[in-house]
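Below is one structure, written out as structure tokens, with a few remarks after it.
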Amino acid sequence: MASHINDYFSPHEPVQSEHITFTAGVTGLNEMISLSVTDEGQAILLGRPIYGSFYGDLVTKSKCELVYTSFPSTDQFSPACVEAYESAYLNALSEGVNVKAVIICNPHNPLGRCYSAEALKALLLFCSKYSLHLISDEIYALCTFEVEGATRTPFTSLLSIDLTGLIRKDFVHVLYGMSKDFGAAGLRLGCLITRNESLTAAIQAIGRFNWPSELSVSMATNILEDKAFVADYTRKSRLALGRNYAIATGLLDQAGIKYAEHGNAGFFIWMDLSPYLGNYKNDAEGWEAEKKLKELLENNGMTMPTGLAYKAERPGWYRILFTVEQDALEESFRSP
């Protein structure tokens with residue numbers, strides 16, 4: 001895995017095997033990290049929308065709190081995002097909530113975008129200012145693709161940033177796994193990459209309750225040792241992702257449905273169906289209308305997570321997966 005990370009993540013300093021700790025998936029790793037960096041009642045800061053299952057992963061055992069940052073007029077993938085994070089941090093502090101860490105998804109779930117190097121450096125400086133851990137979930141690292149006729153921000157791993165003058169190395173951590181890049185969710189193998197020896201020791205101590213199986217380890221080893229296969233698989237995966245993304249966004253454009261733009265990573269599109277919610281007087285009615293539209297779609301064969309599940313700022317957003325067979329993808333957009 002260290003060799004794989006060095007090949008594809010362009011780390012500023014080569015990753016060594018002692019910097020990596022394995023668990024049975026990133027889900028369990030999220031739980032262990034929250035147990036290690038927070039005490040009950042302390043908090044982790046996240047942007048929104050964000051992967052909805054972070055709540056269950058991070059909070060269930062640690063009893064920490066999650067503080068969500070909104071970006072009403074700021075691009076959260078630009079250096080200016082720090083202003084919104086700092087506002088949320090100071091607001092939490094004024095309410096007696098002690099934030100200990102920031103978690104980002106890079107590439108992002110559900111927005112399908114990557115953070116620029118400049119944005120990552122700004123986040124590192126922000127975290128250094130307040131002695132916060134910065135944790136980057138990079139499980140979609142190789143699921144990036146080209147968009148014809150458009151320039152997109154490429155994937156930049158947090159590991160690739162020179163931390164000199166930005167933050168102490170022991171406050172920077174990256175999460176990775178096999179489930180997305182290799183289409184192997186059932187393999188249940190995730191890892192923490194960090195130079196923080198204390199955090200490594202803590203995760204390894206409680207990791208005995210979340211060990212990966214020998215079968216998973218053996219399969220992953222065979223995959224990662226075959227570098228020619230990894231290169232070919234990744235190339236084909238990126239081509240397929242780009243093709244399906246173009247089909248899906250083209251169909252959305254034809255239907256006049258808006259969606260979050262600038263995507264070039266992941267399996268999903270953040271789609272705006274708020275015009276179909278009808279009139280509502282307040283957010284509570286809006287979230288209820290969002291739920292009813294989801295049920296209507298499910299009754300007609302379409303299942304999509306709602307914006308509420310991803311901590312969206314307003315009702316009407318849905319996450320749609322475009323990584324299905326082309327005929328199924330086209331059928332999903334066809335009018336009855």
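Quick caveat, the model's predicted, so the values are computed rather than measured. All heavy atoms count here, side chains included; hydrogens, waters and symmetry mates do not. Counting from 1, the numbers follow the sequence of the chain as shown.
- Both Leu90 and Leu134 are assigned to one and the same hydrophobic cluster, defined by single-linkage of ILVMFWY side chains at heavy-atom distances under 4.5 Å.
- Residue Glu197 qualifies as open at atom CD: its count of foreign heavy atoms under 6.0 Å is 12 or below.
- Within a 6.0 Å sphere centred on CE of Met1, heavy atoms belonging to other residues, nucleotides or ligands number more than 12.
- The backbone N or O of Asn196 sits nowhere less than 3.5 Å from a side-chain atom of Asp170 that would complete a donor-acceptor pair.
- At distances below 3.5 Å, at least one donor-acceptor pair connects side-chain atoms of Arg238 with backbone N or O atoms of Leu142.
- A cation-pi arrangement is absent between Lys311 and Phe54 under the rule of less than 6.0 angstrom and at most 45 degrees off the ring axis.
- Put simply, Ile167 and Val37 are part of two different groups of oily side chains (I, L, V, M, F, W, Y) that touch within less than 4.5 Å, one to the next.
- Remark: the Asp253 side chain and the Tyr259 side chain contain an N/O donor-acceptor pair separated by less than 3.5 Å.
- Checked by atom type, the side-chain pair Glu86/Tyr130 shows a donor-acceptor distance below 3.5 Å.
- Side-chain N or O atoms of Ser34 include one that pairs as donor or acceptor with a backbone N or O of Glu31 at under 3.5 Å.
- Judged by distance alone, with hydrogens and angles left aside, the side-chain atoms of Glu83 form no donor-acceptor pair with the main-chain N or O of Ala80 at under 3.5 Å.
- A salt bridge links Arg113 with Asp75: at least one charged nitrogen is closer than 4.0 Å to a carboxylate oxygen.
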Walk me through whether Tyr318 and Tyr276 qualify under ring-ring contact (aromatic ring centres under 6.0 Å, His included). CA-CA 12 Å; Tyr318 296 78; Tyr276 305 95; 9.8 Å; no

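- A donor-acceptor contact closer than 3.5 angstrom is absent between the side chains of Ser157 and Ser160.
- Looking at Asp181 and Tyr8, their side chains never come closer than 4.5 Å, going by heavy atoms from C-beta outward.
- When atom types are taken as modelled, the side chain of Ser136 and the backbone of Val174 share no donor-acceptor pair closer than 3.5 angstrom.
- Between atom NZ of residue Lys100 and atom CG of residue Asp39 there is a gap of 7.5 Å, rounded to the nearest 0.5 Å.
- The aromatic rings of Tyr233 and Phe182 lie parallel to each other, their planes meeting at an angle below 30°, with 60° marking the opposite boundary.
- For Tyr85 and Phe71, the distance between ring centers is under 6.0 angstrom.
- When every heavy atom of Ala88 is checked against every heavy atom of Leu45, the shortest pair comes out as CB-CD1, 3.9 Å.
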Using a 3.5 Å cut-off and no angle test, enumerate the donor-acceptor pairs between side-chain atoms of residues 221-231 and protein atoms at least two apart in sequence or in another chain.
from: Thr221; atom 1: OG1; to: Val217; atom 2: O; distance (Å): 2.7
from: Asn222; atom 1: ND2; to: Ser218; atom 2: O; distance (Å): 3.4
from: Asp226; atom 1: OD1; to: Phe229; atom 2: N; distance (Å): 3.1
from: Lys227; atom 1: NZ; to: Ser3; atom 2: OG; distance (Å): 2.6
from: Lys227; atom 1: NZ; to: Asp7; atom 2: OD2; distance (Å): 3.0

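- Across Thr153, Leu111, Leu120, a single residue satisfies side chain to side chain contact (heavy atoms under 4.5 Å, CB included) together with Phe77, and that is Leu111.
- Of the inter-residue distances, the one linking Ser10 atom OG with Phe155 atom CZ reads 9.0 Å to the nearest 0.5 angstrom.
- Formation of a donor-acceptor pair under 3.5 Å by the His19 side chain with backbone atoms of Gln16 is found in this model.
- Checking side-chain atoms of Ser274 against main-chain N and O of Gly316 turns up no donor-acceptor pair under 3.5 Å.
- Note on Leu93 and Val82: same hydrophobic cluster, where clusters join Ile, Leu, Val, Met, Phe, Trp and Tyr whose side-chain heavy atoms are under 4.5 Å apart, directly or indirectly.
- Under the 3.5 Å distance criterion, the side-chain polar atoms of His108 are left unmatched by any main-chain donor or acceptor of Gly266.
- The minimum heavy-atom distance between Cys81 and Gln76, with the atom names listed, is CB-O, 3.4 Å.
- A distance of 10.5 Å separates CZ in Arg195 from OG1 in Thr200, rounded to the nearest 0.5 Å.
- Closest non-hydrogen pair, Trp287 versus Arg314, comes out as CH2-C, 3.3 Å.
- For Asn210 (side chain) and Ala24 (main-chain N/O), a donor-acceptor pair under 3.5 Å exists by modelled atom type.
- Side-chain atoms of Asp283 do not come within 3.5 Å of backbone N or O of Pro315 as any donor-acceptor pair.
- Residues forming a side chain to side chain donor-acceptor pair (under 3.5 Å) with Ser332 (at least two apart in sequence, or on another chain): none.
- The environment of OH in Tyr55 is sparse: at most 12 heavy-atom neighbours from other residues, nucleotides or ligands sit within 6.0 Å.
- Taken together through direct or relayed side-chain contacts under 4.5 Å among Ile, Leu, Val, Met, Phe, Trp and Tyr, Trp317 and Met302 form parts of separate hydrophobic clusters.
- Met32 and Tyr176 fall into different hydrophobic clusters, where Ile, Leu, Val, Met, Phe, Trp and Tyr are joined by side-chain heavy atoms under 4.5 Å apart, directly or via other members.
- When all heavy atoms are compared, the tightest approach of Ile33 to Leu175 is CD1-CD2, 3.3 Å.
- Heavy-atom contacts from other residues, nucleotides or ligands closer than 6.0 Å to CD of Glu18 number more than 12.
- For the salt bridge (Lys or Arg N to Asp or Glu O under 4.0 Å) condition, no pair includes a residue of residues 102-111, sequence neighbours left out.
- If you run side chain to side chain contact (heavy atoms under 4.5 Å, CB included) between Ile257 and each of Leu252, Leu251, Ile320, only Leu252 comes through.
- Screening Asp137, Ile50, Leu158, Leu123 for a side chain to side chain contact (heavy atoms under 4.5 Å, CB included) involving Ile104 leaves a single residue, Leu123.
- The two atoms that bring Phe322 and Phe268 nearest to each other are CE2-N, 3.3 Å, heavy atoms only.
- Within 6.0 Å of CD on Glu295 lie more than 12 heavy atoms contributed by other residues, nucleotides or ligands.
- Taking the six-membered ring where tryptophan is involved, the planes of Tyr245 and Phe145 are tilted, since the angle between them lies from 30° to 60°.
- Comment: Glu290 does not engage Lys294 in a salt bridge, judged by the lack of any side-chain N to carboxylate O separation of less than 4.0 angstrom.
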